[in-house]
Amino acid sequence: MSISPPIRISFPDGNVKSFDVPPTGLSIATGISPGLAKKAVVVRVNGELWDLNRPIDRDAAFEIITRDKPEALEVIRHDAAHVLAQAVQELFPGTQITFGPSTEHGFYYDFARDTPFSDADLASIEQRMRNIVKRDLPIIREVWSHEAAVAHFEQAGESFKAEWIRDGIAADEELTIYRQGEAWLDMCLGPHLPSTGKLGTAFKLTRVSGAYWRGDANNAQLQRIYGLAFANDADLEAHLKMVEEAEKRDHRKLGKQLDLYHQQEEAPGMVFWHPKGWAIWQAVEQYVRGVYKAGGYQEVRGPQIMDVNLWKKSGHWDNYQDNMFFTESEKRTYAIKPMNCPGHVQIFNAGLRSYRDLPVRYAEFGGCHRNEPSGALHGIMRVRAFTQDDGHIFCTEAQIEPEVTAFHQQAMQVYADFGFTHLDVKLALRPEKRLGDDATWDRAEDALRSALRAAGVATWTELPGEGAFYGPKIEYHLKDSIGRAWQVGTMQVDFMMPERLGATYIDEHSARQHPVMLHRAIVGSMERFIGILIEHHAGALPYWLAPVQAVVTPIVSDADAYASEVAAELSKRNVRVQTDLRNEKINYKIREHSLQKVPVILVVGRKEAEERSVTLRRLGSERQETLLLADAIIELAKH
RNA sequence: GCUCACAUAGCUCAGUCGGUAGAGCACUUCCUUGGUAAGGAAGAGGUCAUCGGUUCGAUUCCGAUUGUGAGCACCA
């Protein structure tokens with residue numbers, strides 16, 4: 001028997017300890033203190049997370065990850081997924097396991113089973129999970145050969161697992177199996193907790209839904225069970241509270257409560273804007289119109305329908321015919337426009353352009369219709385009829401970078417003006433189905449990268465395969481009240497469309513050239529953006545966006561005439577103001593207008609009518625402030 | 001589009017193990033003129049999403065359709 005050299009373990013504080021026999025994370029932790037061993041979830045070995053009971057067979061930089069660390073939470077959640085899988089297989093034999101990762105707040109696991117899980121099943125599955133935790137089954141890591149694993153899963157009737165090992169795992173990749181107790185195992189990269197008891201009680205199954213095997217709609221439909229999991233009960237409780245609060249901000253709920261818009265069965269995915277909702281729209285539109293102007297854009301307007309041949313030329317028909325609406329007249333088929341760019345190209349083409357004219361910037365509040373799949377519709381965030389703050393810049397290749405940089409800065413200013421400080425910047429790269437050659441795509445993608453750098457963006461996420469069929473794009477994403485991210489702005493470089501639709505300009509050598517086309521939007525869809533605004537501000541829009549900025553209400557009917565006069569004066573200064581002359585007590589009216597999120601309530605009684613003053617109360621404050629009418633007008637007319 | 005769930009008054013919801021329905025708020029009328037988050041009384045309001053089946057009888061059970069919700073897929 002040869003004597004192996006001692007194993008050197010170095011700790012984060014710089015200490016180094018030698019072991020003659022490979023220690024485990026748990027044994028090292030126990031050596032330090034039993035308390036630490038109890039709190040330990042996994043260990044970090046040379047940067048990799050390892051199981052507590054996996055022998056450390058090499059010299060290593062070593063760190064103990066306790067339960068309160070973010071990395072530990074991920075392990076806990078992943079473990080919950082495994083416990084869920086075991087519970088389901090114990091209760092419903094014959095159900096196949098597939099995958100079950102951790103998520104932002106918990107975990108899910110996808111199962112293959114003919115009968116759907118019911119809500120009642122969910123409750124009994126959760127009970128069984130708690131039972132498995134109580135049994136405190138040891139979780140053990142084993143390394144298997146591919147053949148053994150395939151044989152095992154096939155014999156067990158787990159065809160999805162067997163398929164994944166064959167197709168999804170490289171032959172030279174280490175394949176690990178985690179046993180959970182005597183009878184249950186799953187293939188998994190790990191790491192895991194040392195036993196199911198360590199999972200604790202802070203988990204909860206939330207819902208069951210469909211998902212596709214390997215994320216492809218052509219594959220088998222699986223059943224996904226979602227759950228929440230946290231390190232302790234208090235965190236789970238806090239999360240549930242937060243979700244409850246977030247649901248109160250849902251734009252669909254607030255849209256109804258604040259009487260902003262409605263949707264109905266006869267027009268799925270379309271919006272009926274009520275006066276108050278449309279007032280918000282107008283405020284946003286006026287603001288964006290100013291942005292167009294400041295950015296050197298000329299506002300234009302194209303037709304709503306155009307001959308389908310134009311859409312065949314542009315390539316939209318090939319890619320999106322299933323998602324386009326068509327109409328027909330006198331034996332011609334027209335497409336209801338799903339985009340504004342071909343229209344803008346027609347306007348560009350209507351005259352002879354010189355290189356001296358470039359860049360040409362067109363903008364439009366362009367109404368578009370897209371026949372989105374029914375399952376995609378969501379309030380006013382994802383609709384079939386929407387309006388883009390769309391713009392197209394026709395320019396030379398050299399002008400791309402300054403144009404993109406200027407756009408980025410303008411976009412960030414717009415988001416800040418609307419109260420958004422945090423947003424994600426992404427760069428979507430060439431998709432599989434695309435126009436143009438790779439060299440052109442290389443140039444387009446690099447142009448966007450260097451423009452982002454020039455604009456001072458330090459980090460962005462690159463999304464391979466997510467670009468438009470005609471070019472790569474920068475995307476700006478905001479999150480809704482329940483954490484779902486929505487794309488708002490975009491900037492896309494397009495070398496294809498001008499050529500396809502015959503856009504040219506005359507260069508300095510009198511030669512015809514195709515310009516580069518930049519597609520850009522800042523708020524994106526007006527509908528979606530207003531939905532996000534409603535949620536972000538929980539319905540209490542800032543004064544300049546509020547549909548009703550002020551309500552004037554008398555205390556006694558003797559002051560009705562004065563209240564109307566105050567409202568008329570404010571209205572003259574373009575304040576969106578209403579009166580409330582109803583025969584109700586002031587408490588009642590204050591409550592109602594406060595719930596309607598009106599930023600300013602002006603109360604007038606006999607005293608104010610005599611003094612020609614108003615008593616002003618701002619939303620969110622109980623403070624009252626009496627001002628002379630003349631001063632109040634100046635104050636409220638400031639937008 | 002796929003899986004599952006849901007659809008009752010303007011809104012939020014209850015209810016009917018099959019005998020055509022109820023509350024609160026809102027609305028209308030009357031009383032009340034009240035100083036900063038709900039004053040009181042009376043009244044009116046529903047083909048229980050649509051279409052079909054089972055049944056003596058369907059809002060209730062079954063099926064289809066439409067729409068909505070969650071997730072998946074999609075998002076020019």
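The structure presented is a predicted model; accordingly, all values stated were derived computationally and were not measured. Note on naming: letters A, B, ... go to the chains in the order of the sequence lines (proteins, then strands), and numbering restarts at 1 for each one.
Taking the six-membered ring for Trp and thresholds of 30 and 60 degrees, His82(A) and His78(A) have ring planes more than 60 degrees apart, a perpendicular arrangement. The aromatic rings of His378(A) and His251(A) lie tilted to each other, with the angle between the two planes from 30° to 60°.
When the nucleotides C75(B), G35(B), A38(B) are ranked by their closest atom to the side chain of Glu372(A), C75(B) comes out on top. Side chain of Pro116(A), nearest nucleotide from A76(B), A73(B), C4(B): C4(B).
When the side-chain nitrogen and oxygen atoms of Ser374(A) are compared with OP1 and OP2 of G1(B), one or more of them lie within a distance under 4.0 Å. OP1 or OP2 of G69(B) lies within a sub-4.0 Å distance of a side-chain N or O belonging to Arg252(A). Distances shorter than 4.0 Å separate none of the side-chain N or O atoms of Asn319(A) from OP1 or OP2 on A76(B). Between His378(A) and A70(B) there is a side-chain N or O to OP1 or OP2 distance below 4.0 Å. Phosphate contact (OP1/OP2 of A76(B), side-chain N/O of Lys473(A), threshold under 4.0 Å): present. Put simply, Lys256(A) has a side-chain N or O that comes within less than 4.0 Å of OP1 or OP2 on U12(B). Look at Arg617(A) and you'll find a side-chain N or O under 4.0 angstrom from OP1 or OP2 of A37(B).
Pairing of G19(B), defined by two Watson-Crick or G-U wobble distances under 3.5 Å, is identified with C56(B). Under the Watson-Crick or G-U wobble criterion, with both distances below 3.5 Å, A37(B) has no partner in any strand shown. Across all strands shown, the partner of C72(B) is G1(B), judged by Watson-Crick or G-U wobble contacts whose two distances both fall under 3.5 Å.
Using a 4.0 Å cut-off between a side-chain N of Lys or Arg and a carboxylate O of Asp or Glu, Arg430(A) and Asp438(A) qualify as a salt bridge. The pair Arg249(A)-Glu244(A) does not meet the salt-bridge criterion, since no charged nitrogen lies less than 4.0 angstrom from a carboxylate oxygen.
Between the side-chain ring of Tyr588(A) and the base of G39(B), no stacking contact exists by the 5.5 Å and 30° definition.
Between the P atom of U36(B) and the CG atom of Leu619(A) lies a distance of 18 Å, rounded to the nearest Å. The CG-C1' distance, from Leu377(A) to C72(B), rounds to 15 Å in whole Å. Leu463(A) places its CG atom 13 Å from the P atom of C74(B), with the value rounded to the nearest Å. A straight line from CD of Glu622(A) to P of U36(B) spans 11 Å, rounded to a whole angstrom.
RNA chain B lies under 4.0 Å from at least one heavy atom of each of the following residues of residues 595-605 of chain A: Leu595(A), Val603(A), Gly605(A).
Residue Glu608(A) places a side-chain atom within donor-acceptor reach of the base of G35(B), judged by atom type and a 3.5 Å distance cut-off alone. A donor N or O paired with an acceptor N or O is found under 3.5 Å between the base of U33(B) and the side-chain atoms of Ser557(A). Taking 3.5 Å as the limit, the base of C4(B) and the side chain of Arg224(A) contain no donor-acceptor pair of atoms between them. In terms of polar N and O atoms assigned as donor or acceptor, the side chain of Tyr212(A) never comes within less than 3.5 Å of the base of G71(B) in a complementary pairing.
Glu475(A) meets the side chain to side chain donor-acceptor pair (under 3.5 Å) test with Lys473(A), His477(A); sequence neighbours excluded.
Taking the P atoms as reference points, C27(B) lies 23 Å from G22(B), given to the whole Å. Separation of the P atoms belonging to C62(B) and U54(B) is 16 Å when rounded to the nearest angstrom.
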For nucleotides 43-49 of chain B, give me every protein contact, N/O to N/O, under 3.5 Å, one pair per line with atom names.
none

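The residue Thr615(A) sits close to a base: some heavy atom pair falls under 4.0 Å.
Judged by a 6.0 Å distance limit and a 45° cone about the ring axis, Arg207(A) is positioned over the six-membered ring of Tyr226(A).
Looking only at side-chain heavy atoms (C-beta outward), Leu478(A) and Trp486(A) stay at 4.5 Å or farther from each other.
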